[in-house]
S.K.: 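Let me begin by handing over the structure; questions about it come next.
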Number of protein chains: 2
Amino acid sequence: MENPFNDEYFMKKALQEAEVAFDKGEIPVGAVIVVKDRIIARAHNLTEMLNDVTAHAEMQAITAAANFLGGKYLKDCTLYVTLEPCQMCAGALYWSQISKIVYGARDEQRGCINLNTKLHPKTTIEGGVLESEASQLMKQFFIEKRNLN
Amino acid sequence: MENPFNDEYFMKKALQEAEVAFDKGEIPVGAVIVVKDRIIARAHNLTEMLNDVTAHAEMQAITAAANFLGGKYLKDCTLYVTLEPCQMCAGALYWSQISKIVYGARDEQRGCINLNTKLHPKTTIEGGVLESEASQLMKQFFIEKRNLN
C-alpha cells in the first residue's frame with residue numbers, strides 16, 4: 001500500500017493554513033513542519049493582524065516546532081510552505097538547520113532562490129508541490145483585494 | 001552645542017543591550033530602534049533562552065518598534081545594532097522598509113553584506129560605529145565559552 005503521508009498530503013495541510021489566512025484578509029501563505037510523518041507545527045501568515053512584518057507563516061512555524069521539540073535545531077524536519085520562502089524566512093531556516101524545504105508556488109521577485117539567500121549545507125529544497133492550488137489562492141486574494149479598494 | 005544624540009550615543013545603548021545578553025550566556029548582540037532621537041525599542045539576542053533561532057536582537061526590536069508605532073512599517077526609523085545583521089534580520093528589515101541601519105562590527109561570514117541580502121531601496125546602511133567595543137565583547141564571549149567547555 002502506498003504511504004498516504006506524501007508531499008501532497010502535507011502540502012494540503014499547509015494549503016488549509018493558507019486558506020485560514022485568506023479568510024482573515026492576510027496574504028494567504030500557510031506552512032506546516034513535519035517530523036517522521038507527524039505535523040509538529042502549523043502556521044499561517046499574520047502580518048496584518050499582528051502589525052508585524054516578521055509574522056510570516058514560516059517564522060511562526062519555526063518557533064512553534066522548536067518549542068515542540070524543546071530545542072532550536074530542526075534536524076530531521078521538513079517544512080511544507082505554500083509559497084517559496086523570502087530572504088527572511090530562508091535566513092531563519094538557515095539558522096534552524098532544517099533538513100528539507102518543500103514549497104508550492106515560486107516567488108520570482110521576492111523568493112530566496114532568485115535572491116540567492118544562503119541555505120544551510122544540510123538543507124535541501126524543492127518546489128512545485130500543489131503549485132497551481134497555491135498560486136491560484138494568491139491570485140484570488142489579490143483580485144479580491146483590488147476590487148475592494 | 002553639539003547634539004548629544006549622535007550615532008555613538010545610540011550605539012552605546014545597543015552595546016548595553018549586548019552586555020545584558022552576555023550576562024545571560026547569549027551571543028552578545030544588542031539593538032535599539034530610534035525615531036526622532038527617541039528610543040522606541042530595545043532588545044538583545046535570546047536564542048538560547050527561548051530555544052528559538054529567530055530570537056535575534058533585531059527581530060525582537062522590529063516587532064517591538066512596530067508594536068510601539070501601531071503599524072508594521074518602520075519609516076523614519078534607524079536601527080542601531082552591535083553586529084552586522086544576518087540574512088534573516090536583513091530580510092526582515094527589507095519588509096519593514098526601515099530608513100537606516102547602523103551596525104557596529106562586521107560579520108564577514110554570516111552578515112548580509114557579503115551574502116548580498118537585498119535591502120529595501122529606501123534603506124541606507126553604514127557600519128563601524130563603536131566597532132572595536134562590539135567585536136571585543138563578541139571575542140570575550142567566545143573565549144569564555146571555550147574555556148567553560
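So that the names make sense, note that chain A is the first sequence line, chain B the second, and so on, each numbered from 1.
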S.K.: What is the minimum heavy-atom distance between A:Gly91 and B:Met88, and which atoms define it?
M.R.: C-CB, 3.7 Å

S.K.: Report yes or no: do B:Leu46 and A:Leu74 belong to one cluster of Ile/Leu/Val/Met/Phe/Trp/Tyr joined by side chain heavy-atom distances under 4.5 Å?
M.R.: no

S.K.: State yes or no: do A:Ile101 and A:Val35 share one hydrophobic cluster built from I, L, V, M, F, W and Y residues joined by side-chain heavy-atom distances below 4.5 Å, directly or via other members?
M.R.: yes

S.K.: Is it possible for you to say whether B:Ile33 and A:Leu50 belong to one hydrophobic cluster, with membership spreading through side-chain heavy-atom contacts below 4.5 Å?
M.R.: no

S.K.: Would you say that more than 12 heavy atoms from the other residues, nucleotides or ligands in this model lie under 6.0 Å from the CD of B:Glu126, or not?
M.R.: yes

S.K.: Rounded at 0.5 Å granularity, tell me how far OG1 in B:Thr54 sits from CD in A:Gln60.
M.R.: 10.0 Å

S.K.: Report whether B:Met49 and B:Phe22 are members of the same hydrophobic cluster (ILVMFWY, side-chain heavy atoms less than 4.5 Å apart, transitive linking).
M.R.: no

S.K.: Under a 4.5 Å heavy-atom cutoff, which of B:Ala90, B:Cys89, B:Gly70 has the most pairs with chain A?
M.R.: B:Gly70

S.K.: For A:Gln87 and B:Lys118, indicate whether the former's side chain and the latter's backbone hold a donor-acceptor pair under 3.5 Å.
M.R.: yes

S.K.: Can you tell me how far apart SG (B:Cys86) and CH2 (A:Trp95) are? Round to the nearest 0.5 Å.
M.R.: 5.5 Å

